[in-house]
J.: 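Structure below; questions to follow.
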Amino acid sequence: MSVMLTKFESKSNRVKGLAFHPSQPLLAASLHNGSIQLWNYRMGVLVDRFEEHEGPVRAIAIHPTRALLVSGGDDYKIKVWDIRPQNRRCLFTLHGHLDYVRTVQFHHEMPWILSCSDDQTIRIWNSTSRQCIAVLTGHSHYVMSAQFHPKEDLIVSASMDQTVRVWDISGLRKGSPNQGGPGSSGPNGSSNFETFDTFSTVKHVLEGHDRGVNWATFHPTLPLIISAGDDRVIKIWRMSETRAWEVDSCRGHFHNVLSALFHPKHELIVSCSEDKTIRVWDLAKRSAIQTFRREQDRFWILASHPNLNLFAAGHDSGLIVFKLERERPAFSVHQDSLYYVRDKYVRSYDFNTGADIGLLSVRKFGSPYVPPRTLSFNPAERAVILTINSDNGIYELSNLPQQAQGELKDSSVDGKKGNGQSAIFVARNRFAVLNKASQLIEVRDLSNSVVKSIKPPVQTNEIFYGGTACLILSSPTAVVLYDIQQQKTVAEISSPPVKYVVWSNDSSLVALMSKHTITIANKNFSQHSLIHETIRIKSGAWDDAGVFIYSTLNHVKYCLSQGDHGVICTLDNPVYLTRIKGKTAHCLDRSGRPRTITFDPTEYRFKLALLRNNYEEMLYIIKTSTLLGQSIIAYLQQKGFPEIALHFVQDTNTRFELAIECGNLDVAMETAKTINRPECWERLAQQALKQGNHKVVEKAYQQTKNFDKLSFLYLATGSQDKLTKMQKIADARGDPMSRFHNALYAGDVEGRISVLRDVGLHPLAYLTAKTNGLDDLANEILEAAGLTEADVDDVPTFPASTLKPPPIITPTTDLLWPSLSTGENFFDKALASGQLEGGVEPSYVNGDATAGHSALDAWAKEEELQDEISPEDGGWELDADGGEFQSAVEGEEGVAEVEEELGAGATPGPSETDLWVRNSPAAVDHVAAGSFETAMQLLNRQFGVVNFEPLRPLFLSIYRSSHVYLSPYASLPPLKLHVRRNAGETSPSRVLPVAARSLQSIRAELTDGYRLVSGNKLAEARDTFRSVLQALLLVVLSSDEEAKQWRDTVTAAREYLLGVLIELERRRVVEQEPDNVARNLELAAYFTQCQLQPPHLQIALRSAIGAFSKANNQAHAARFAKRLLELKPDPKIATQAKQRIAAGDRNPRNAVEISYDEFSPFEICAVTFTPIYKGSPSVHDPYTDAAYLPQFKGTLDPLTEVTEIGAPASGLPASW
Amino acid sequence: MESSELYHIKQQFTLGAYRALVKQDLPDESSPDYHALLLYKTRAFIALNEPASALELIPEGSENIAVKAVASLARYVAAAGSEQADAALEELRDLSVEIEGDDVEGSDKDKALVRVLAGTAFARAGEIEEALETVTVIVQIYLSINRPDLARKQFDRSKRWAEDDLLLQLIESTIGLVTGKDSYSNTSSFYTEQLGNPSLTSPHLLTARGVTRILRGEIQEAKSDLEESLEQQKGDTEAEAAYVVAAGLGALKRPEAEELWSKLAAEYPSHPYIQDVLQKADLFNQSAAAFTVPPLAAIVPI
């Protein structure tokens, strides 16, 4: 137990008393300054404060089932509080103690409160009647603590009188003893104490402490008591029905020990002391196993949580809440199985079936008090590596049994251990171990021996799996992706210390979790986004759709890869997520038990769909789920999808806003009608004007009676009759200004004059009439004004006015401008047509996926349409392509200049054939490129080819087949196009010519050769084999496997060619030198030594048997017959062979002596057809490896007729 | 808008259906399309390497520069290699200069055509410098000098002003042929699409698709395309040359392939393909000569 894990810390006045809430994350602390604090230790907030005591409050307790708090102070009072926030108050006060109250406690089932005091008494109070029901006397000094037994009717108390007493209170249960008893409301004097004594008796008095005893408590299940005293000792006592005795002491504190507790789950004691330490002791061994020290503060009080692995300690300047061990179970997920450690057993849990079985015991691994920290699972070997924090960090590699057996194996039997703080599998047979102190990462094999040591490039605290042959190194300020093989940093992201790493199911994304941040990165760390959490992050797992689900102390949340995140559900207690499947989150709880949480993924699925433009799914979600409400609308609006938000909204005002925002005039119009407020119409008019929809504008203007604008609009649209109407309206309204305007717009001179006359502007009316040539009217005006021409002769005469409104060329009244495309969107269509039912059902939402794809089809159609109209992107993919070539040219040539002025001055680029030559070391590719010279050099170097003439047809036909011509445009010379091997490859550094002849086709030719051999057409067979050997020089190979096949084919062709040549030579000897029987026999024998296939070897052997028996070499013939038999020939042939063997047995002699020793291995010189026995000097053909006598070095190989015997050669280049 | 007849002719011309094109009768001289159709028809004849027929078609004394240019090109093609060819080339050069002036008969379109025709001739004559001045052929010239990047650029530029998207698609597919982008999928689908055009059949398209299929490594399919093309238009050099390539890549047995090749080489000794291979054969001899061939290993009589 190397670390005390502090979970919460507060600063305050000295803390004298502490109590945990049994179910909520609340902790009550009583302070020396008289205040009582109620903390939410998980969130780190002060929930409430109760300040009614005067002077220090030492005693505090929370009711096990009700929202009650009891406290006791130096003001002698015991107060009971209701702690519900809505009801918080002091319920009542119990008076009776005559001195400081030291401890208080609720009984676990009776309505009793236990208290003890410096007045040397222990009192029991009935919280219902609020009466003291018992006073236990006997201690002769301050009673420092008193506690009920968790199950039995016992009390244990500790006192400054150096004793610990156990009291039997079973009498109390039988009846309330103080009925009519002494009123406990006041200090009634000592005489009353006697009456209570009858109901309780001192059962045991435990003497042994040398000073006052500060604390005594029962073990939750065993008959044990521990006590802590000013003698700096913790004593352990055992009791029976009749007596109690001291068992042992724990020594180590060097000042007063103020409190000591049994660990609720483990055999441990925790104690605190004025020596500023908290110590942890082994209950069995009574040895100190851990000490936690503060520099300044003395510890006054300890409390343990009734259910959880949590402790609290109060000291001089506040309190701390801590854990003694990690609760996070070590686990690892592989496919549908979870491998995890619970109670020091490695177990497996099947997510599908829920089968949960133990596989391996790790009880002897590290400290018994410490659970393993991490587990790394290797599916290939079915092995695990565990690490543990004890013993300065050790790891252990063990194999899991295939099935659970009856008796679980302990890992100590065959586990392989070592020191290291972090250990993980990095490959099937390799694991990496980090040693933090020496900053060394060792890569070890499965036998635990080091194969490689790495010095990490940064201070590394933890290592994680980083993908194939990579590690993720967590340093204090960054996280590094490190390549083990190349020993170099691939990428680095700055981040707070990363504690956990989770890879997505397809290994494309990784979540790097630290205390308060999550970094989502892709697999090479080139892209990442960061999420910040104020609450501590506990765990995470990937959803199948690529959404990261994580848990904090109190929430399960989701996070999309672009960093958007939100809450899925709340948690009472932290869980450790292991796997997310659809709407089920698998997790381990704090006690390491697998459980599942069902949640609603709709929200993040919707956001994900939005992010991926997956409209069908969004639509489906909208239709089928209850996803509504302001938050999603706000989200959509904020993310720039008002048109989608529109479909969620019922509220008219919001609908109007959204419709305006996304330019949906129809909806805006409709809602504006409902709202019918001037500002709405104005905004609608503005938006419609922007979009050029003047009909909507007109309507809006009409609604707001905006006559001026309306008139102008009619002018702009050339709507004469509407203008006339406007004139009439103006007339009716009696608005001369408006009438004048309209008359002006309409070019209605008489109208204008009439307005002017009506308002009494006769001079203007007269002039208007005059200048427009309306003399009669002018005169009429004059008359009306009572004037004559003569009166106005001083008025200058103006020429006739030519001013008039421009003529209307195209009346646009009924035409709309091409309005801003709002695009009939997918939603409109789908929602309007109601065709959604059974659209495409996303995998996780309820309901049956019936296949009606109309919505999808509609969408797809729309998409196609878009493709066609935007050639810039998508369809043509022009730019990307251009760029690619650009850079390629730069890279290859160094001619980076991109002439802005195309045309003159364009220099030729590298031709495809140049690229081929550059990209391949294979002669055949050079041939295809037409670079015969380099091809020949290559063949010469690789295979010692010197005579190229026989290869000429091959060269030309390969070249011929690698280029094709086409004239795409009239009359121009055709373009020379180059046929590539892999049509999908366009990168100039990888293009290669087509394989004109495949290895397969050459092998087919070889088979033709075999057939010729069987058919006894040896001369043709010879030519075929030779041609095969030559063709094999120019064949494209693409893998090691093919190379091997190639080599086999070369060897086979060589052997057959040799065999055929020997047989031809034999036939020549038979024909031309019939006397040379020995040579004839030798050649027949050698033929059988060639590596032929069984059918052909049978032919060779039978021919040899014939020749030898004819020459009366029966012994040899018998040998050949035996070999023939081994090949399991036809029965008929077998019978003949057996006869030959019999003949050989009868007459084991050879008439003709020949140079043939079948028992010592030899090769056959392909020139002389004589054996070259093993160990004799020989030279070889650089290509086929055929053997020759040394004198033939430097001559042309008679088999291939192209290579030089004994020439140096580098062999086949591996270009794949 | 051009008339549907003209559109059809244009389509035929662009996609290489020359034989079908020249079979069509010219409209009456007064027809507004007459001029354009005449030009296409003569150019088709030239493309079919029948410049004489083209010259016959051209009316005497036409002042239109485009018509003059076509005539010059026809003369150039007819007289390829001789001195007259140079004269024809000079004419084209003069015409190219003339169109820069204002006082010539002919629309802007005609002027552009002069450039194209001149460029065609220049390209044939190997005068790349001048040919680059003409627009339409530039792409192909870029491609022939292994600068698909520039071709792509030119193409992108033309996209901005050109409306004839069929021609553009052709250019696009031609670029695709050279670069091999996406396994030639664009080119392949272009030709397949055009083959599906019911109003137009052209063995040239079949040949083009056959070639594309060779490039895609679909040798058997290529073979069937080319065979069909040869059936429709016997003796088409291009198709035959492509057929030889397909044969060499395994569509036919080797002796057959060899035989086809010999036949082709004998029939069209001047085709660039044949020329190229023959040149390579010479190169082979030269290169092979660099190696001394040792004597064949043999038993030396003692």
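Letters go in sequence order (proteins before strands), and every chain restarts at 1. Please read all numbers here as calculations on a predicted model, not as lab measurements.
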J.: Can you classify the ring geometry of Phe1192(A) versus Tyr1188(A) as parallel (below 30°), tilted (30 to 60°) or perpendicular (above 60°)?
T.: perpendicular
J.: Side chain, backbone, both or neither: which part of Gln1000(A) has an atom under 4.5 Å from a heavy atom of chain B?
T.: neither
J.: Pick from Glu1204(A), Arg952(A), Glu933(A): which one has the most heavy-atom pairs with chain B under 4.5 Å?
T.: Arg952(A)
J.: Relative to each other, are the rings of Phe932(A) and Phe955(A) parallel, tilted or perpendicular (30° and 60° limits)?
T.: perpendicular
J.: Distance only, no hydrogens: is a donor on one side chain within 3.5 Å (strictly under) of an acceptor on the other, for Asp1181(A) and Thr1203(A)?
T.: yes
J.: Without swapping roles, check the side chain of Glu238(B) against the backbone of Thr207(B) for a donor-acceptor pair under 3.5 Å.
T.: no
J.: Considering only heavy atoms, which portion of Tyr965(A) lies under 4.5 Å from any heavy atom of chain B: side chain, backbone, both, or neither?
T.: both
J.: Is chain A contacted by the side chain of Ala241(B), its backbone, both, or neither, given a heavy-atom distance below 4.5 Å?
T.: neither
J.: Which atoms of Asp914(A) are under 4.5 Å from chain B, going by heavy atoms: the side chain, the backbone, both sets, or neither?
T.: neither
J.: Counting only non-hydrogen atoms closer than 4.5 Å, does Val994(A) touch chain B with its backbone (N, CA, C, O), its side chain (CB onward), both, or neither?
T.: side chain
J.: Using a strict threshold of under 4.0 Å (side-chain N to carboxylate O), is an ion pair present between Arg960(A) and Glu258(B)?
T.: yes
J.: Please name the pair of heavy atoms, one in Leu1199(A) and one in Arg1026(A), separated by the smallest distance, quoted to 0.1 Å.
T.: O-NE, 2.7 Å
J.: Would His271(B) and Trp261(B) count as a close aromatic pair, with their ring centres under 6.0 Å?
T.: no
J.: Identify which of Asp1197(A), Ile1205(A), Asn940(A), Val927(A) forms the greatest number of heavy-atom pairs closer than 4.5 Å to chain B.
T.: Asn940(A)
J.: Determine yes or no for a side-chain-to-main-chain donor-acceptor pair under 3.5 angstrom, with Glu240(B) supplying the side chain and Thr237(B) the backbone.
T.: no
J.: I'd like to know which of Ala257(B), Pro272(B), Ala242(B) tops the heavy-atom pair count under 4.5 Å against chain A.
T.: Pro272(B)
J.: Thr1168(A) versus chain B, heavy atoms under 4.5 Å apart: side chain, backbone, both or neither?
T.: both
J.: Answer with side chain, backbone, both or neither: which region of Gln279(B) has an atom nearer than 4.5 Å to a non-hydrogen atom of chain A?
T.: neither
J.: What residue, out of Thr212(B), Thr292(B), Asn285(B), Leu283(B), has the most heavy-atom pairs lying under 4.5 Å from chain A?
T.: Asn285(B)
